[in-house]
There are 2 protein chains.
Amino acid sequence: VDDVRTWVSSYAPRISRISPSEIRERMKLVGDRAMIQLGVGLPDPSVVPYELLREASAAIFGDREQAAASMQYGPSEGYGPLREWLVEYMRSLGVECSTHNIMIVSGSQQAFDFLGKLFIAAGDTVMVQTPSFIGALRAFDSYEPRYLMLPDDSGAWESLDKARAKFCYTSPDFRNPTGTCMSVGDRHKLLALARRSGMLVIEDACYEKLRYDGATIPSVLALDIGASGDIERGRVCYTNTFSKTISPSLRVGWVVAPSELIQKLTLIKQASDLASSTFNQMLALHVASTYLLSPMQAMKRTYTERRDAMLDALRKHMPDSVTWTEPAGGLYVWLQLPPSMDGAEFALRALRDHSVSIISGQSFFPVAPDRATARLSFSLATPDEIGVGVARLAQLVRQMISPA
Amino acid sequence: VDDVRTWVSSYAPRISRISPSEIRERMKLVGDRAMIQLGVGLPDPSVVPYELLREASAAIFGDREQAAASMQYGPSEGYGPLREWLVEYMRSLGVECSTHNIMIVSGSQQAFDFLGKLFIAAGDTVMVQTPSFIGALRAFDSYEPRYLMLPDDSGAWESLDKARAKFCYTSPDFRNPTGTCMSVGDRHKLLALARRSGMLVIEDACYEKLRYDGATIPSVLALDIGASGDIERGRVCYTNTFSKTISPSLRVGWVVAPSELIQKLTLIKQASDLASSTFNQMLALHVASTYLLSPMQAMKRTYTERRDAMLDALRKHMPDSVTWTEPAGGLYVWLQLPPSMDGAEFALRALRDHSVSIISGQSFFPVAPDRATARLSFSLATPDEIGVGVARLAQLVRQMISPA
């Protein structure tokens, strides 16, 4: 007979992605000082603006009206003054919009879940860059889509016109896991594809501020508004977050989209968790308005040094049969291993035998995983640790491709 | 042709419930001092422990390790020390469980959404007390269940054995919107019904601490564990929150259930928003451990006075054709109006002509609304305001039942 236990057991959202217990294990490793952390992409504690957060918190509690507002239920679409600030912030990025085009979510992850809920009926086609951010795939997985690959080579995009995908998920700036950046030409081509095939573009801009070299490229959203003349006539849903620039623990992200889409997402937000914490939104506003518009020099200096240390070490130590991306921003380098190598075994042996934590590449593929891949992160380890860690990884590659 | 706009427009989760813009309008009214607030059930700002929250925040930022932990990603199941504290707290309520039985959610609302996602396929039957908390109905609505009524008269429950409902949603202590409390006998009967019909019981315990008179009644969860001997063999999923006892803006609630159910809900949490804010969970732990185990005398004194003022005013002013509940806890009184009256018109005229905000009862019914109903809340208005407001409502009832 049907019963609670059967229903619970039979609920198995595709759990091929990293499980909570795996993440818990990795979080424990973060506390292990003997381990070299090239795995998780956590922001380095040294770059979190604790002092500004402390001041913001004291300022809120020190003002009777702000304290009362901070601890009360807020509107589902988000705290008004933060949304007004984001209108100005988006304008500074070349995006003209109003508060009707902006809602607050509990991190970008929540936006992907809501977009999955709104757009995907089981069996619908969605397009994603491959490899892609695991969290977005996990959010979409719950709604059981069919995945289609958006290859990095835009020459292959013409064949996708007839795909009838509901949306294309892309993270054009220094994406997780590859660290690569989509050219302005390819952003235009993606918009043209979206127009021809009638789909939405979900633009995950979470690493947009973490550029270390070269000039900023306009967002897909900005280019779309440039072409259509008005965000209301556009077909891009832009997501961003304070997780990488202030702290992931605030759980404050935002969505910028045509107002009708924002209204539907707000209904979903209301049914899902009513609203994000007003207090956290006020903290984000206090800190962002003094911090995020400044060049964030310290954070960028730290990550640039680490990125350089990683690329130098890869050049110095890795055998010719390994190639890698050279990111101009973000937190990740993507390794292409010799075809005979299995990334999962590589990650396991690196951890067990060499005390280096990395992530196997296969979880980042929604379909047809390339197993000879791995993701390295340079966010948490010092330049010296990165040098040692990469040297050990290179030694392991040599062992694995020519076993004794 | 299919297109983004068509998909967005066609997404219409049942929006007969209160919409975000209605809530926004009501929130504005909260700032209007000429308006008597008997509508929204917001915690009164005077009972929020700002000073404890300020101290907790300062303590976290004042300790290097705590500050670092507070601003980092945390595990999807929640912050470990808070879950450990909740094991002890639940033990104080007669519930033996371990951290494997507890997860943190962003308010009870998120638990209802996750339970809907896990249990409801479109067309499945779920049982709810009627009338019920709008937020829970809204969360379930997204998954398109068929609703069955659990009447307050337990004599009628035998006929529900064959209902094949997936779960029964109940809020046994001073529920929103009626303020009524389920007797211990009925709690046992509900468990027996759940066992016979093979369904889960979702116990929403959010008002459990807000008892003003009489002795505490064991939770349905505690009774279930008493009968089965072990939470792992139970069939109750208990939800609670710090929203009513500390602040709704923390967005910290918790679920207590058999570990297999907690594991599935944790996977859903991970895909939905990764984790709740570690900082907010640390704040909740700091404040709860110094505050929640104490009798919360000030908060209870405030609400008891207001409840008494409302019941006194109803007895003094209302015509005999109106009846109401007499809650021993919670924040609400439920009015049964003369059958000829429409609660929506009553609420509209109360607001427009008498500057009293109340809520029409019909939104609280998933099916077959009783239109001659209204909900009054005594959480926000002072005893004097409550007296004036109820007198005006009584005058309006008289106008509506015998128009000049």
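Side-chain atoms are counted along with the backbone in the values below, which use heavy atoms only and exclude waters and symmetry mates. Labels below follow one simple rule: chain letters A, B, ... track the order of the sequence lines, proteins then strands, and each chain is numbered from 1.
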Taking every non-hydrogen pair under 4.5 Å, which of [options] racks up the most with chain B?
{"options": "A:Gly62, A:Pro43, A:Ala111, A:Ser106", "answer": "A:Pro43"}
{"options": "A:Gly253, A:Ser272, A:Ala136, A:Ser70", "answer": "A:Ser272"}
{"options": "A:Ser57, A:Ala67, A:Ala194, A:Ser108", "answer": "A:Ala67"}

B:Leu261 side chain near B:Leu118 side chain, heavy-atom distance below 4.5 Å: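 Counting from C-beta outward, B:Leu261 and B:Leu118 do come under 4.5 Å.
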
Residue pair B:Leu265, B:Leu115: steps toward the side-chain contact (heavy atoms from CB on, under 4.5 Å) verdict: CA-CA 8 Å; B:Leu265 293 172; B:Leu115 288 162; 4.0 Å; yes

Identified side chain to side chain donor-acceptor pair (under 3.5 Å) counterpart of B:Ser276 within the set B:Arg251, B:Lys269, B:Gln281: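 When side chain to side chain donor-acceptor pair (under 3.5 Å) is applied between B:Ser276 and each of B:Arg251, B:Lys269, B:Gln281, only B:Lys269 qualifies.
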
For chain A, the option from B:Asp113, B:Ile246, B:Thr278 that forms the most heavy-atom pairs under 4.5 Å: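 Ranked by heavy-atom pairs under 4.5 Å with chain A, first place is B:Asp113.
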
Residue selection (most heavy-atom pairs with chain A, distance under 4.5 Å) from B:Asn280, B:Val105, B:Val48, B:Ile60: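 Result: the option with the highest number of such pairs is B:Asn280.
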
Sidechain N-carboxylate O distance under 4.0 Å for B:Asp224, B:Arg195: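 Counted as a salt bridge, because a side-chain N and a carboxylate O are separated by less than 4.0 Å.
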
Contacting region of B:Leu53 [heavy-atom separation from chain A under 4.5 Å]: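 When you check distances to chain A, atoms from both the backbone and side chain of B:Leu53 fall under 4.5 Å.
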
Which bit of [X] comes within less than 4.5 Å of chain B, counting heavy atoms only: side chain, backbone, both or neither?
{"X": "A:Tyr79", "value": "neither"}
{"X": "A:Ser46", "value": "neither"}
{"X": "A:Ala58", "value": "neither"}

A:Ser247 and A:Ser249 side chains, donor-acceptor separation under 3.5 Å: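 Not at all, the side chains of A:Ser249 and A:Ser247 share no donor-acceptor pair under 3.5 Å.
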
Sub-6.0 Å ring centroid separation between A:Phe167 and A:Phe112: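 Distance test on ring centres: not under 6.0 Å, no.
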
Ring centers of A:Phe61, A:Phe279 separated by less than 6.0 Å: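 Aromatic pair counts; centres sit under 6.0 Å.
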
